Amino acid sequence: MEMNYDDKALRQIEEELHTDIIPGTEIMADVGSHHFVKSAKQVLVPQPSDDPHDPLNWSIGWKIATITASTAVSFTQGFGPLALAPMFPYFIEDFHCTLAQAVQFTGVCILVLGFSNFIWVPISTSFGRRPVYIFSQLICFGSSIWRAKAKSYGSFMAACVLNGIGAGPAETIQPTVIADIFFLHSRGKWNTLYWVFYMGSLMVAPIISGAMADHAGWRSFWWLNTALLGASTLMVIFMFPETKWHRKHPDEIVTSSALKAASPASSTEKMATTTLENTSNTKADEAAIQQVPTTASVVPPELGLSEQETAARDPFLGKGGPSKQQWRIFQPNAHPFRSMLLDLWIPWKLFAFPIVEFASFVCSWSCSSFLTINLTQSQAFAAPPYNFSSQSIGFMNFAILVGALIGLATAGPLSDWVSARATAKNRGIREPEMRLPAMIPYVLIMFLGNVVVSVGYQNHWPWQAIVIIGFTCAGVQVAALPSITSTYAVDSYKPVAGSLFVSITVNKNVWGYGFGKFITPWAIQDGFVPPIMTNASLITLWCLFGILFYYKGKTFRRWSKNSSVHRL
């Protein structure tokens, strides 16, 4: 529930629509006398304020610059941790370790990466997204130099741990940034863009690392990684202003009694409660700011506001930009320790919410399907009868990347279209569960890909079948299933989007670490089919719960409608 309803307006809308308006449920059309700020006939959720520095009001140029810098961070922070697979033979030779020990370079990094967000997300909530990006990038930059210079197994492992600490924001911050600057109706495609670039970095890195290891030595890859991290750090400094912006919860909205007595002539102007909006953004914020009209503003139906007149009530929509305050390294916080301690607790609390658990499990096992390919490709293709070089094995990841691009082109637009179609049939009422049917084709693609990879590995099928069909399907599903389910969870619990992704990431990375720990010996002992198809069966099981959530998701949201997480 991202619209600025007060209790009275909320009751009026529920009576007019004969439905419960609970967190996650959004009104995407005018209701009776309630008019909302629109753009291209689309009601904007959440409603922007009338402050030009509100990220929702930023011009498309500023939004594109911001999301480009954010995406660059997600890409470069994900570039290193899973680039190691084609280089395993070189690590085994230089560090005198076994394959299982080399695989732990990846496993330990992703485990630390997940838990590092218990540091980064509280900082993001308390002091803003910008300081998190800057300092995490510097840590990744240092760890990349360390990896390039490491001379022993222990030294390289320590660099992996440091890289895991620094790379945590790649998995949690960009979805929050997307919710900060984009409206509900377009989040599906932007979240898919995030997943594709983040997972794409994990796919592109092995392609490059394998070729560089063969021709220039494995250390050269880490110098390239260092350069990419340096470039993306500069992008954050100069292209990423602070996007954190406080929006009033219904409990904070005070309806002015003077508005009720206003004349019809004055009613066409901005009728809003005077609020103090984001006091840290500008010096002018010390003064009261007029909140944009929402359902708290009751416009007489006889006025017949047109779309243009409705949109005109936010003169800065699409024309605003960041203030000088939003370029500071961090935003001041009156109670930083309280908010940070709260953020340490909220992810654990969210584990009790069924929707968060559903999203966590689907994301975790869907991503592990890609991790399976990353960890087994050298084991399968470097051995007879294939005997491929590191470069050749790395190039096979192009198929996963192509699949991810297919997922980018289809999953976000499909889920947004499915939601919009269902909303239109539901009298303009959007429920988060309306996205879930878009999962169906990607579940089928996922299962097909796992069958081809596991059986193909086991029976030494032609590599073309394994790579073109199996690897491509893995790329499609890993771009689609996590983006759809995580967007569903964010739509349901937007105020805690950052903490929500901590819950998802911890779940995903703990399973990824465990899977990376036992998949190599399991595959050696029993072949590739049992571990890979066990994982595929678990993905299918969690996705099938989507049927339950499609019909009962609103009931689950009703259980938590009074939770404090909606007022954060």
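This is a predicted model, so every value here is computed, not measured.
In plain terms, the two heavy atoms of P122 and L344 that are nearest each other are CG-CD2, 4.1 Å. Summarising the geometry of P23 relative to R557, their closest heavy-atom pair is O-NH1, 2.8 Å, with the distance given to 0.1 Å. Residues G80 and L84 come closest through the heavy atom pair O-CD1, 3.4 Å. Between A159 and S143, the closest heavy-atom pair is O-CB, 3.8 Å. Across all their heavy atoms, V132 and P169 have their closest contact at CG1-CG, 3.6 Å. Scanning both residues, N191 and S483, for their nearest heavy atoms gives O-CB, 4.1 Å.
One distance of note links CD1 of I165 with CH2 of W120; it measures 9.0 Å at 0.5 Å rounding. Summarising the geometry, atom OG1 belonging to T372 is positioned 4.0 Å from atom CD1 belonging to I519; distances are rounded to the nearest 0.5 Å. For the atom pair NZ of K63 and CD1 of I178, the computed distance is 12.0 Å after rounding to the nearest 0.5 Å. To the nearest 0.5 Å, atoms CG (L111) and CD (Q104) are separated by 9.5 Å. A distance of 12.5 Å separates CZ in F240 from OG in S232, rounded to the nearest 0.5 Å. Note that CD1 of I445 and CD of Q477 are 9.0 Å apart. Values are rounded to the nearest 0.5 Å.
The backbone N or O of T66 lies less than 3.5 Å from no partner atom in the side chain of S70, so there is not a single donor-acceptor pair. For S415 (side chain) and G412 (main-chain N/O), a donor-acceptor pair under 3.5 Å exists by modelled atom type. Side-chain atoms of N374 come within 3.5 Å of backbone atoms of L82 as a donor-acceptor pair (strictly under, hydrogens ignored). Listed for the N426 side chain is no donor-acceptor partner under 3.5 Å among the backbone atoms of G428. In this structure, the side chain of N117 engages the main chain of G168 through a donor-acceptor pair within 3.5 Å. Here the side chain of Q331 pairs a donor or acceptor atom with the backbone of Q325 at under 3.5 angstrom. In this structure a side-chain-to-backbone donor-acceptor pair under 3.5 Å is missing from K244 to R129. A donor-acceptor pair under 3.5 Å is formed between the side chain of S116 and the backbone N or O of L113. For Q326 (side chain) and P241 (main-chain N/O), no donor-acceptor pair under 3.5 Å exists by modelled atom type. The closest donor-acceptor contact from the side chain of S369 to the backbone of W365 lies at 3.5 Å or more, if one exists at all.
Residues M533 and F447 have side chains in contact (heavy-atom distance under 4.5 Å, counting atoms from C-beta outward). Here the side chains of W345 and S499 are not in contact, with every heavy-atom distance at 4.5 Å or above. By the 4.5 Å heavy-atom criterion applied to side chains, F556 and L548 are counted as neighbours. Looking at Q174 and Y133, their side chains come closer than 4.5 Å, going by heavy atoms from C-beta outward. For the pair L375 and T106, the minimum side-chain heavy-atom distance is below 4.5 Å. Under the 4.5 Å side-chain criterion, counting only non-hydrogen atoms from C-beta, V478 is in contact with C367. Residues P81 and N163 form a side-chain contact, since some pair of their non-hydrogen atoms from C-beta on lies under 4.5 Å apart. At a threshold of 4.5 Å between non-hydrogen side-chain atoms, the residues V510 and F115 count as touching.
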Verdict with supporting geometry, T76 and Q137, side chain to side chain contact (heavy atoms under 4.5 Å, CB included) | CA-CA 9 Å; T76 55; Q137 284 288 90; 3.7 Å; yes
Full working for side chain to side chain donor-acceptor pair (under 3.5 Å) between S564 and K349 | CA-CA 11 Å; S564 60; K349 180 177 181 176; 3.1 Å; yes
Verify side chain to side chain contact (heavy atoms under 4.5 Å, CB included) between I67 and F182, making sure each step is shown before the conclusion.
-> CA-CA 10 Å; I67 204 65; F182 292 111; 4.0 Å; yes
Please test T423 against R421 for side chain to side chain contact (heavy atoms under 4.5 Å, CB included), starting from the C-alpha separation and ending with a verdict.
-> CA-CA 5 Å; T423 300; R421 184 181 175 89; over 6 Å; no
Stepwise side chain to side chain donor-acceptor pair (under 3.5 Å) check, D54 with S49 = CA-CA 7 Å; D54 182 345; S49 71; 3.0 Å; yes
Carefully, step by step, assess T376 and F528 under the rule side chain to side chain contact (heavy atoms under 4.5 Å, CB included).
-> CA-CA 9 Å; T376 59; F528 290 103; 4.1 Å; yes
For the pair R435 and T485, evaluate side chain to side chain donor-acceptor pair (under 3.5 Å) and give the outcome as yes or no after the intermediate values.
-> CA-CA 8 Å; R435 277 185 200 281; T485 53; over 6 Å; no
Could you walk me through whether K554 and E433 pass the salt bridge (Lys or Arg N to Asp or Glu O under 4.0 Å) check?
-> CA-CA 8 Å; K554 188 166 186 176; E433 291 75 24; over 6 Å; no
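For OH of Y551, the number of neighbouring non-hydrogen atoms (other residues, nucleotides, ligands) closer than 6.0 Å is 12 at most. In the displayed structure, F370 atom CZ is contacted under 6.0 Å by more than 12 heavy atoms of other residues, nucleotides or ligands. Other residues, nucleotides and ligands place more than 12 heavy atoms under 6.0 Å from the CG atom of L544. Around the OH atom of Y550, the shell of radius 6.0 Å holds no more than 12 heavy atoms that belong to other residues, nucleotides or ligands. Annotation for L138: atom CG counts as buried by contact number, over 12 foreign heavy atoms lying within 6.0 Å.
A salt bridge between E242 and R328 is absent, with no side-chain N of the basic residue lying under 4.0 Å from a carboxylate O of the acidic one. No salt bridge links R430 with D491; every basic N to acidic carboxylate O contact stays at or beyond 4.0 Å. Comment: K508 engages E171 in a salt bridge, judged by a side-chain N to carboxylate O separation of less than 4.0 angstrom.
Note: F358 and F545 fail the aromatic proximity criterion, with ring centroids not under 6.0 Å apart. The aromatic ring centres of Y198 and F75 sit 6.0 Å or more apart. Aromatic rings from W190 and Y194 are positioned such that their centres are separated by 6.0 Å or more.
For the residue pair S368 and N535, a side-chain donor N or O sits within less than 3.5 Å of a side-chain acceptor on the partner. S366 and Y442 share no donor-acceptor pair across their side chains, judged by distance under 3.5 Å alone.
Ring geometry for W511 against F515 counts as parallel: the plane angle stays under 30°, on a 0 to 90° scale with 60° as the upper cut. Aromatic ring orientation, Y493 versus F353: tilted (interplanar angle from 30° to 60°).
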